[in-house]
Amino acid sequence: MVAKKIVAQNVTKSFGSVEAIKDVTCSILDREFVVIIGPSGCGKSTFLYMVAGFEHPSSGALSLDGRQIVGPGPDRGIVFQEFVLYPWRTVLRNVTLGLEIGKVAQVEAEAHAKKWIRLAGLSGFEHAYPATLSGGMKQRVAIARALTYEPEVLLLDEPFGALDVQTKNYMIRDLQNLWQEASKTILMVTHSITEAVHLADRVLIFGARPSTIVAEVKIDVERPRRVSNSRLKSYEDEITAILSDEVDKAMRQMNVAV
Amino acid sequence: MTYVGSISRLASLSNRIGVPIIAIGLPLLAWELLSAIYPSGSFLFPAPSSIARLIWSQLSFDNQNGELIGHVGYSLLRLLVGVALATIVGTIIGALIGFTQWGRMILRPLLSLFMPVPALAWTPIFLLLIGIDNRTTILIVLIAASFEIIVNVASGIDNMNRRLLWVADSMGATNMQKLTKVIIPGILPYLITGVKLGTGFAWRSLIAAEMLAAGSYGLGFMIYRASELLDMKTIYAGLVIIAFLGYVIENVLIGRVEAATTERWGIQVER
C-alpha cells in the first residue's frame with residue numbers, strides 16, 4: 001500500500017462572500033502524478049496555492065505526510081505559468097537559489113544544480129540571464145529550480161499555459177522524463193485535457209464554482225506515452241464529456257444569475 | 001574581425017563621436033571667428049579659445065591661480081555627500097511607501113505636495129536656520145535628489161512581482177534572505193534610475209544654491225562672484241565645466257553602474 005502524501009479533508013475556501021471551493025476531499029499518493037482540470041475560474045489554482053501554503057482554507061483540513069499545512073516550505077516546490085524567474089540571476093544562480101537559502105555549500109549546490117540544468121535540457125545556458133531565453137527555456141529553468149532543492153512535492157500551476165503548441169509538446173515529453181528521474185509527487189493544474197491525459201496517473205475534475213471534485217479518471221496507460229496512443233484519445237473524450245457538462249452547468253448558473 | 005565588420009564599426013564610432021563633435025564644434029568655430037572679426041563684442045562674448053586658455057591655466061594645484069580646482073572640489077563634495085544622504089533617506093521613505101499601508105497613506109500626499117517645490121526655494125529657510133555653510137548646500141542637494149529616488153524606489157516595489165517572494169517562501173527563505181536575495185536586487189534598477197535622475201536635479205540645484213549660500217567655494221559661487229567683478233571669461237568657463245561635469249556624472253559614472261545591472265539583466269525601468 002502506497003502512503004498518502006497529501007490529504008484534503010472537506011476543504012472549503014471563500015473570498016469574502018464568494019465561495020471558490022467547497023468540500024474538496026481527496027488524497028494524493030506518494031510519487032503519484034495528479035492533474036487537476038476544470039473550467040477556468042473554478043478555483044483549481046486556489047486549491048494548488050493552499051497546498052503550497054500561500055493561501056489558507058476557510059474550513060477543512062489539508063495535510064502533507066500527516067502534518068497540517070500551515071504555510072509554504074521547502075518540502076513543496078512551485079512552478080508558475082509565468083515562470084517567475086529572478087532576472088538579476090543567471091540560469092545557474094536561479095537554479096541554485098533554493099540550496100543557497102538552505103545554506104548548502106556553493107560547490108555542492110552548483111554540482112547539484114548542473115545535474116538538473118542538464119536534465120532540463122539547459123546545458124550551455126548556465127550563465128545566460130533569463131531575459132535572453134525563450135518562454136519554453138524559461139519554464140525549464142523554473143522546473144529545474146523547483147527540483148534542485150529536492151522538495152517532496154512539485155506543484156505546477158498551468159506550467160505550459162504561456163507556451164506555443166510545439167514547445168508545449170516537447171515540454172510534456174520532457175516533464176515525464178524529469179518526473180521519472182526525480183520520483184516526486186506532482187500536483188499539476190491545467191485547463192488542457194491533452195496535457196492532463198499525457199501526464200497524469202490520475203485526473204481530478206473540478207466543477208464550476210463553487211467547485212468541488214465532480215469526477216476522477218485514472219489514466220491507465222503505460223509510459224512513456226506517445227501522442228499517437230489511441231487509448232489516450234478515448235480518455236480525452238471521456239474527460240471532455242464530463243467537462244462540457246460542467247461548462248454547461250456554469251453557463252446555466254450565469255443565465256439564472258442574469 | 002571581418003573587413004566589413006571593421007568598416008561598420010568604424011562608421012558607428014564616427015557617428016557616435018564624430019557627429020557630436022561637429023554639432024558642438026561648428027557653432028564654436030563660428031563664435032571664434034565672429035569674436036575675431038568684431039573684437040568689440042569680446043567683452044560680453046569672449047572667444048572660446050580664450051575661455052579654454054583660462055580653464056587650462058586654472059588647472060593647477062600649486063599656484064595662486066589654482067582656485068578652480070577648489071571650486072570644482074567643493075561642488076563635487078557637496079553633491080556626493082548630498083546624494084549619498086538622499087540615497088539612504090529616499091530608499092527608506094520609498095520602502096515605507098511601497099511596503100506599508102500607513103506609509104502610503106501619510107507619505108504619498110506629502111510627496112505630491114512638496115515635489116513641485118523647487119529645491120532652491122528652501123534656501124532662504126536654511127540660510128536662516130544654518131547660515132552660509134556647507135550644510136545648507138548639502139541639504140539643498142539632499143532635497144533635490146530625494147524625490148526622484150523616493151518615487152522610483154516606491155514604483156520599483158509596486159512593480160515587483162509578488163510571486164518572486166512566493167518562490168523564495170516556498171524555498172523556506174527567512175525574512176532576511178527575502179530582503180537580501182529578492183527585494184534589494186529587485187528594486188536596485190529602480191534605485192539606480194532614481195539616483196541618476198536625482199543627481200541631475202541635484203547638480204542643477206546645487207549650482208544655483210551656491211550662488212546664494214556658499215561663502216568661499218563652489219562653481220556657483222565662482223560664477224556669482226565673477227559676475228560681480230564683470231569677469232565674463234570666468235562665467236563662461238564655469239558654465240563649460242558645469243555642463244561637462246554634469247554630463248560625466250549622470251551619463252558616464254552612473255551610466256556605467258546602469259550598464260552593469262539593468263542592461264545586463266535586460267530589465268526595462270519604466271518611467
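Below, chains carry the letters A, B, ... as their sequence lines are ordered, and counting in each starts from 1.
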statement: Whatever's closer than 4.5 Å to a heavy atom in chain A on B:N161 counts as side chain
query: At their closest point, which heavy atom of B:D169 faces which heavy atom of A:P72, and how far apart are they?
result: CB-CG, 3.7 Å
query: Once the angle between the rings of B:W166 and A:F80 is folded into 0 to 90°, is it parallel (under 30°), tilted (30 to 60°) or perpendicular (over 60°)?
result: tilted
message: At a 4.5 Å cut-off on heavy atoms, which part of A:L85 comes close to chain B: side chain, backbone, both, or neither?
response: backbone
- prompt: Take atom CZ in A:R202; do more than 12 heavy atoms of anything else shown fall under 6.0 Å from it?
  reply: yes
- request: Answer whether the closest heavy-atom distance between the side chains of B:M171 and A:E100 falls below 4.5 Å.
  value: no
message: Does B:Y74 have more than 12 heavy atoms from other residues, nucleotides or ligands lying within 6.0 Å of its OH?
response: no
field: Shortest non-hydrogen contact from B:R163 toward A:Y49
entry: NH2-OH, 3.0 Å
message: Tell me whether A:K22 at atom NZ has more than 12 heavy atoms from other residues, nucleotides or ligands lying less than 6.0 Å away.
response: no
message: For a 4.5 angstrom cut-off between non-hydrogen side-chain atoms, does A:Y86 reach B:L164?
response: yes
- request: Verify the neighbour count for atom OH of A:Y170: are there more than 12 heavy atoms of other residues, nucleotides or ligands below 6.0 Å?
  value: no
task: Write down the atom of A:I78, the atom of B:S170, and the distance for their closest heavy-atom approach.
output: CG2-OG, 3.4 Å
message: If you count every heavy atom of other residues, nucleotides or ligands that lies below 6.0 Å from B:F147 atom CZ, does the total exceed 12?
response: yes
- prompt: Is the number of heavy atoms from other residues, nucleotides or ligands under 6.0 Å of B:Y247 OH greater than 12?
  reply: no
field: Within-4.5 Å side-chain heavy-atom neighbours: B:K181 and A:R93
entry: no
Which of B:V182, B:T261, B:L188 touches chain A most, by non-hydrogen pairs under 4.5 Å: B:V182
